[in-house]
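What follows is a set of notes on a single structure, which appears directly below.
Lettering of chains follows the sequences in order, A, B, ..., and the numbering in each one begins at 1.
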2 protein chains.
Amino acid sequence: MSSHNPFTNVTALHRCTKVKCGFCSGLSPEARHELSKLARIRSYRAGQTIVAQAEEVHIIGTVLEGVVRANKTLRDGRHQIVGLLLPSDVFGRLDGATSRVSLEAASDANVCSFKRQPFESLMDRFPEIERRMLLAVSDQLDAAQDWMLLLATQSVLERVATFLLMFCARDAGDRGALDIPVSRRDMAAYLGTTVESVSRAMQAMKRAGILEGSHSRHIEVTDFRRLASLSQHEPEQLGIASRLPNIGQNLHTSR
Amino acid sequence: MSSHNPFTNVTALHRCTKVKCGFCSGLSPEARHELSKLARIRSYRAGQTIVAQAEEVHIIGTVLEGVVRANKTLRDGRHQIVGLLLPSDVFGRLDGATSRVSLEAASDANVCSFKRQPFESLMDRFPEIERRMLLAVSDQLDAAQDWMLLLATQSVLERVATFLLMFCARDAGDRGALDIPVSRRDMAAYLGTTVESVSRAMQAMKRAGILEGSHSRHIEVTDFRRLASLSQHEPEQLGIASRLPNIGQNLHTSR
DNA sequence: CGTTAAGTTGAGGTGGATCAACGCGTGTGG
DNA sequence: CCACACGCGTTGATCCACCTCAACTTAACG
């Protein structure tokens with residue numbers, strides 16, 4: 001969106017004026033003001049790398065628009081998406097260590113970023129900023145552990161259901177309309193499976209009357225209950241408690 | 001160890017005088033002194049629950065001796081160990097939220113614990129304590145993401161190799177002697193597989209001349225290189241960089 | 001020495017990876 | 001404008017790593 005230089009990652013570089021971004025919301029005016037002096041908005045096109053694995057981390061940031069994937073790669077090339085960062089999610093390592101994931105734009109994305117060192121000294125001056133980081137990282141740890149459970153114990157069908165449920169709760173439209181913000185490839189990499197298996201799972205859910213939709217990126221959830229009962233996760237445990245109250249007690253299925 | 005009351009979790013309850021525990025090492029004398037006033041040592045027997053899943057968290061703590069497992073359970077009973085906490089590791093949630101894992105002693109264990117609220121106000125007074133928590137949680141996030149990669153992409157043989165490698169690096173004796181601190185059951189639950197598969201993998205490594213040892217909990221690693229090359233993980237990425245300095249450049253294998 | 005839990009070994013079934021083919025939308029260049 | 005290539009998603013057929021169930025061995029303990 002808007003013109004950009006194809007030879008760099010960065011298509012725009014200017015002050016962040018957003019108040020609602022991941023860090024800034026809820027901070028004191030002073031802290032926000034100081035942060036805004038450090039903030040730079042950067043735009044990445046789908047596929048571009050924001051921070052490479054094993055590279056020293058020099059920025060801390062938060063996603064404004066789009067989806068950023070946190071990817072890990074094994075020596076032999078096998079890889080796994082260990083986190084999908086959506087708007088308001090934060091990323092970055094705090095000590096000067098090397099990044100243990102590579103951060104890549106899964107779609108065109110805008111991020112608000114801070115240079116690490118000035119950011120860290122700002123954390124020293126404003127403990128509220130450090131507290132926000134601590135809570136953000138704690139939430140990511142929870143999410144990662146939820147995902148470990150999913151990867152280790154659930155079938156592909158259940159994993160896909162859980163994935164859809166997450167996004168449903170986050171930003172499904174009134175009539176269950178849902179835009180899946182990532183490709184099948186990324187879905188598969190996040191769910192620890194293959195594109196073929198994801199495809200089969202989605203078709204199975206359509207046949208079962210849980211989903212509708214012909215376009216691969218856009219679906220409609222027609223039977224929320226059954227989707228939730230397939231997932232087997234406690235809704236609150238998926239960070240989706242905010243929407244659709246009381247879908248917790250509906251779901252009793254034997255394996 | 002020592003007498004205990006079978007009707008409570010707690011077999012000993014007294015001041016923590018250790019300076020080398022997870023939190024205390026490296027802190028300023030003032031912070032250490034204030035912390036020690038809050039600290040209580042509790043002893044748990046293997047199998048006892050320290051914090052239950054979905055229970056409100058009222059303690060923050062650090063492991064002094066033994067192994068604590070962080071367990072997650074699905075509605076239908078399937079479960080997964082999402083973290084093994086060894087001495088110096090910390091646990092606990094910072095805001096007053098409910099715990100999303102259950103913490104259980106995997107062996108007889110001693111932990112040093114703090115009540116959450118006084119601990120949090122201590123964090124406010126001593127930012128260095130909050131910084132330690134932030135780094136601790138960040139490290140746990142890294143570990144969880146490593147494990148996601150392992151669970152999603154690696155074979156059982158590779159997972160077992162990685163598991164052994166972690167403990168090798170942490171506390172293997174001179175001649176590769178290694179005491180596995182958890183049961184096969186816990187190993188399997190941590191590795192996202194079954195006891196049978198773990199057993200077969202270990203026997204296969206013995207047959208291949210990588211391991212020796214007749215007692216199930218005690219083995220000797222006779223071919224470190226091959227174990228490391230089986231693992232496929234970067235040694236630094238396993239939190240095992242501290243020990244056994246240069247085992248990094250040895251491992252080049254094709255899949 | 002009986003009992004029970006932990007670990008190992010064997011035999012069989014299966015969920016999902018793999019390999020391959022095909023449809024579809026999009027971009028590119030002649 | 002068509003021809004072609006290319007990426008993406010879907011579908012089908014095959015195969016294998018691992019789960020499951022079951023039997024057996026070993027260790028631990030009263």
Answer yes or no: is there an ion pair linking Arg100(B) with Asp146(A), defined by an N-O contact shorter than 4.0 Å?
yes
Let's see if you can work this out: which of dT11(D), dT8(C), dC18(D) has an atom nearest to the side-chain heavy atoms of Glu196(A)?
dT11(D)
Give a yes/no answer on whether the side chain of Arg200(B) brings an N or O atom under 4.0 Å of OP1 or OP2 in dT9(C).
no
Asp223(B) and Arg225(B) ion-paired at < 4.0 Å:
no
Derivation and outcome, side chain to side chain contact (heavy atoms under 4.5 Å, CB included), residues Thr153(A) and Leu74(B)
CA-CA 9 Å; Thr153(A) 70; Leu74(B) 233 37; 3.7 Å; yes
Listed nucleotide nearest any side-chain atom of Arg184(A), set dT10(D), dG16(C), dC18(D)
dT10(D)
In whole Å, I'd like the distance from the CG atom of Leu151(A) to the P atom of dG15(C).
19 Å
Just how far, in rounded Å, is P of dA6(C) from CD1 of Ile180(B)?
16 Å
Could you tell me the separation between the CG atom of Leu157(B) and the P atom of dC16(D), rounded to a whole number of Å?
18 Å
Is any side-chain nitrogen or oxygen of Arg217(A) closer than 4.0 Å to OP1 or OP2 of dG9(D)?
yes
Gap between atoms NZ and C1', on Lys206(B) and dG7(C) respectively (whole Å):
10 Å
Does the distance from a Lys or Arg side-chain N to an Asp or Glu carboxylate O, for Glu158(A) and Arg78(B), drop under 4.0 Å?
yes
Determine: side-chain N/O of Thr194(A) to OP1/OP2 of dA17(C), distance under 4.0 Å, yes or no.
yes
By nearest heavy atom, map Gly192(A) and Arg185(B) onto DNA chain C; which one lands nearer the 5' end?
Arg185(B)
Of the candidate nucleotides dT10(D), dC19(D), dT9(C), which contains the atom at the shortest distance from the side chain of Gln203(B)?
dT9(C)
Of the listed dC8(D), dT18(C), dC19(D), the closest approach to the Thr193(B) side chain comes from dC19(D)
Rounded to whole Å, NE2 of His218(B) lies from C1' of dG7(C) at a distance of 17 Å
Picking from dC18(D), dG7(C), dA20(C), the nucleotide nearest the side-chain atoms of Ser155(B) would be dC18(D)
Give the rounded distance in Å between these two atoms: NE2 of His215(B) and C1' of dA6(C).
10 Å
In plain terms, say whether Lys72(A) and Asp142(B) are close enough for a salt bridge, that is, a side-chain N and a carboxylate O under 4.0 Å apart.
no
Between dG7(C), dA17(C), dG12(D), spot the one nearest the side chain of Ser216(B), thanks.
dG7(C)
dC19(D) OP1/OP2 closer than 4.0 Å to side-chain N/O of Ser197(B)
yes
Roughly, in whole Å, what's the span from CD in Gln154(B) to C1' in dG16(C)?
18 Å
Among dT10(D), dG9(D), dA22(D), which nucleotide sits nearest the side chain of Ser199(A)?
dT10(D)
